[in-house]
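For reference, the structure discussed in these notes is given below.
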Amino acid sequence: MSRLTATATCTAHRAIVEQTGQLVSQPLLAERVAWLTGLARELTAEIVAGRWSAADLDALASGVGLDGRALPAKGWMAVRRLGWGVSPAAGVHVCDRVLRCAQEQAARLLRLALHRRELVAAIVATWPREPSKRTDADWAALRAVLPDRAGAAEIRNRTRQVRAYRDAHDGQLPADLTELEGPPACAAQIVLAAADRQLATLERTGERSARLRVKLPLTASPASARDWAWHLLPIALPPTVPAEAKLCAPTLWVAKGRVRVDLPFQTSIGFAPATGHVIGCGFDWGLNSLLTGTIGHLTAGGRVVTDGRPLAYDASGVSAKLHRLRAEREHLATKRKHQERLLAGITPADPRFPALAAAYEVIVLEHERVCARIRHLNKALAWSAARWAVDQALAAGATVIYLEDLATLEARGRRGRANARLSGQVRGQVVEAIRHLAAKNAIAVVTVPARGTSKYCPRCGDGASVLQHCPAPDRLAERGWAWAHCPACGLSCDRDWAAAERILARGLLGQQATRTDRTTGTRTIRQVVEGNVARARRPRKATRAARRARRTRTDLHPRPAARDRAKNRLTPKRPTRTPNRHPANNVTTSSRVPDRRTVPAPPPNMGGQRPAGQAPQTTRPPAGRTGLARDPHQRTGFHRVAATPVLPLGPYADSPPRPRPPDLPEMLRQT
């Protein structure tokens, strides 16, 4: 048994002063919480700015305090053991628990800077002649000194940052991260996880309610302990927080005049093993669709067999909307910079200043609204795609989900432009959401290398048969992108579907090389194991009539009685059918899915040519409307998303039964 930690963002609308019983309204509560977060932010910024040097970062990276003991895992204790004290401004009274919260946030920021420091040091130590075109020797030297979990995007961005520093300083490279950039910005928040009962307590009052007891200042600059008072904040819990979940210390911050409460909670979940998987799902980051997957199982002979059913989560409509919103955001950012230059060129006494200032405020507000809309749409899309992927795995009885490693996923050309429309941030949110939802159902999530998944044929499996990409199956001679064709074995299918099959094969065949990160718990396979993938239809389950006929030993389809009772033989003119053979060409039929797919006919009453692929499932349109309607079983949460419906086909016949996790109350009693 293990515990899954998640965070729910709640809102505190009012509070009650414990000593006097005074009801505190939402604006006044937001003001008092802003005073508390402002005090913590000033103390955190003082610690970070005062310790932003190479010597202090070396002391933190050494892991040893001034007394020779190892630094503890808690940030505020490590800061105090290093002797990095902090004190509030003169005349301001702050209790020791607020200092703890500030030191905890500062320790987290400085420890995050250690990873960036190692990455910059590795790039500077192996600086090539042409940073934009590293050779194989340059990449080998860089990978030898890179820290763990360093992605391609981080390497590219830090290389650009170092190059800009070199151009600004006459070809001189930075000696340390502290020379390359300044101290990180500190957020206006209070991390109550570092405090104890003297500053905050949290208790659950019902299935959907909790109460936070926290000490808040009554003024912006409290001079003594009398300027602090206990406040009771009722919190309404969202439905995502189970009734049996354990609530942890929250984090308070203020946004748009409201008090936000980031409430962590822990739930007991089953353990998902890293190896021993038989049924799995493989998903590829597609171009025409956000996710393209397939379901397969590992046979006793060590061969990967799929059911020949592609799974697609098409988010092209939402992607186009996000692309338009990003273009609008860039346009507003350009106008905002132009307004800033105009305001900097005039004085407040100028008669044009009020009109320009009002226009500037409108542009800034509109820019913030567009950014918030993009964030909300990205989050909704990520969780919708993750829920769909986990539902497909549950319906198939899979115990593992294989994804492409985003750290190794970097494309150029047309795919690079497509990746800009579905940015790495959205994909990162999808991965985190899949890991969270899969952990609740005891399903493992493993990443595999992404290099070569769309280049080589999954049917050949030797890594030598290069696929030819074309626009459609009837235009194999043309150069395209969406369709894949193998000249060696004749495979003809969607490009992303073929990549998903290779991802599934790499995961199931190389699961013995799965490595688990101790700090983050993420699982990945860095060793590439190739193997061919076969397609075969699932064996149909016997019907109720067939099971009854087998039990009673009767014929399921009895031959009708002849008109002539004396006739006891077959008609001579009727040819005898060979079992399991086609009556026309006398060829044995097979359950293997054909590798060649024909071009589907375009839908009727629609102009233009529909792209090649599987025809979408449609239903009769509602009354008063024309055209095609979407399948009502596709519950994605978006009206612009078309996804493969979740079909509960169940596990394969030769696969072991999937262990069912016990109920949550039973797990809590056992723990």
Side-chain angles (χ1 to χ4, degrees), residues 5-45 88 92-95 97-102 104-106 108 185-222 225 227-241 245-265 365 368-369 371-373 375-376 379:
T5 303
T7 302
T9 302
C10 312
T11 303
H13 298 281
R14 62 185 63 86
I16 299 175
V17 180
E18 185 180 30
Q19 186 175 2
T20 62
Q22 177 188 0
L23 180 64
V24 181
S25 61
Q26 182 176 358
L28 183 57
L29 177 63
E31 184 180 12
R32 293 181 179 179
V33 173
W35 290 339
L36 177 61
T37 57
L39 293 174
R41 181 179 184 179
E42 293 177 0
L43 297 173
T44 303
V92 178
H93 174 77
V94 175
C95 64
R97 275 41 180 185
V98 177
L99 297 180
R100 280 189 187 182
C101 298
E104 177 69 26
Q105 187 175 356
R108 295 181 181 182
C186 304
Q189 62 183 9
I190 182 74
V191 183
L192 298 179
D196 55 8
R197 294 180 176 271
Q198 297 186 18
L199 181 63
T201 58
L202 179 66
E203 62 178 349
R204 193 161 193 164
T205 57
E207 294 185 0
R208 291 290 177 263
S209 61
R211 184 175 60 185
L212 176 63
R213 181 173 178 264
V214 61
K215 185 179 291 187
L216 299 178
L218 302 179
T219 61
S221 300
D227 296 334
W228 293 77
W230 286 99
H231 292 65
L232 302 178
L233 281 68
I235 301 174
L237 303 180
T240 55
V241 181
K246 176 185 177 181
L247 304 182
C248 304
T251 299
L252 299 181
W253 52 288
V254 180
K256 298 181 180 181
R258 294 185 177 183
V259 179
R260 301 295 186 180
V261 182
D262 289 343
L263 183 62
F265 60 94
L365 180 60
E368 292 179 355
R369 290 178 178 176
C371 293
R373 190 175 182 183
R375 289 195 302 269
H376 296 162
K379 182 179 179 180

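Nearest heavy-atom pair, L99 versus P88, reported as atom, atom and distance to 0.1 Å: CD2-CD, 4.4 Å. Across W35 and L218, no two heavy atoms sit closer than the pair CZ3-O, 3.1 Å. In terms of heavy-atom proximity, H13 sits nearest to Q26 at O-CB, 3.0 Å. The shortest heavy-atom contact between C10 and L237 is SG-CD2, 4.4 Å.
One distance of note links CG of L252 with SG of C101; it measures 9.5 Å at 0.5 Å rounding. The CG atom of L202 lies 5.5 Å from the CG atom of L247; values are rounded to the nearest 0.5 Å. Rounding to the nearest 0.5 angstrom, the gap separating the CD1 atom in I235 from the CZ atom in R208 is 14.5 Å. Taking OG1 of T219 as the start and CD of E31 as the end, the distance is 10.0 Å to the nearest 0.5 Å. The CD atom of E104 sits 11.5 Å away from the CG atom of L192 when rounded to the nearest 0.5 Å. From W230, atom CH2 reaches atom CD of Q19 across 12.5 Å, with rounding to the nearest 0.5 Å.
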Exercise for the section: Could you go through the side chain to side chain contact (heavy atoms under 4.5 Å, CB included) check for L199 and R100 one step at a time? Expected result: CA-CA 10 Å; L199 181 63; R100 280 189 187 182; over 6 Å; no
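Side-chain contact between P264 and T7: present, with at least one pair of heavy atoms (C-beta onward) separated by less than 4.5 Å. Taking 4.5 Å as the limit, some side-chain heavy atom of V98 sits within range of a side-chain heavy atom of W228. V214 is not listed as a side-chain neighbour of I190, based on a closest heavy-atom distance of 4.5 Å or more. Side-chain contact between L29 and R14 is absent, with no heavy atoms from C-beta onward closer than 4.5 Å. At a threshold of 4.5 Å between non-hydrogen side-chain atoms, the residues L39 and P222 count as touching. With a 4.5 Å cut-off on side-chain heavy atoms, S221 and V92 count as touching. A heavy-atom distance below 4.5 Å is not found between the side chains of P234 and S209. The shortest distance between side-chain heavy atoms of L263 and V241 does not fall below 4.5 Å.
A distance-only check finds a donor-acceptor pair linking the side chain of R41 to the backbone of C186 [under 3.5 Å]. At distances below 3.5 Å, at least one donor-acceptor pair connects side-chain atoms of R204 with backbone N or O atoms of A245. The closest donor-acceptor contact from the side chain of Q105 to the backbone of L43 lies at 3.5 Å or more, if one exists at all. T37 contributes a side-chain N or O that, together with a main-chain N or O of V33, makes up a donor-acceptor pair within less than 3.5 Å.
The only option from Q22, R32, E18 that meets the side chain to side chain donor-acceptor pair (under 3.5 Å) definition with H231 turns out to be R32.
A side-chain donor from one of R260 and T11 sits under 3.5 Å from a side-chain acceptor of the other.
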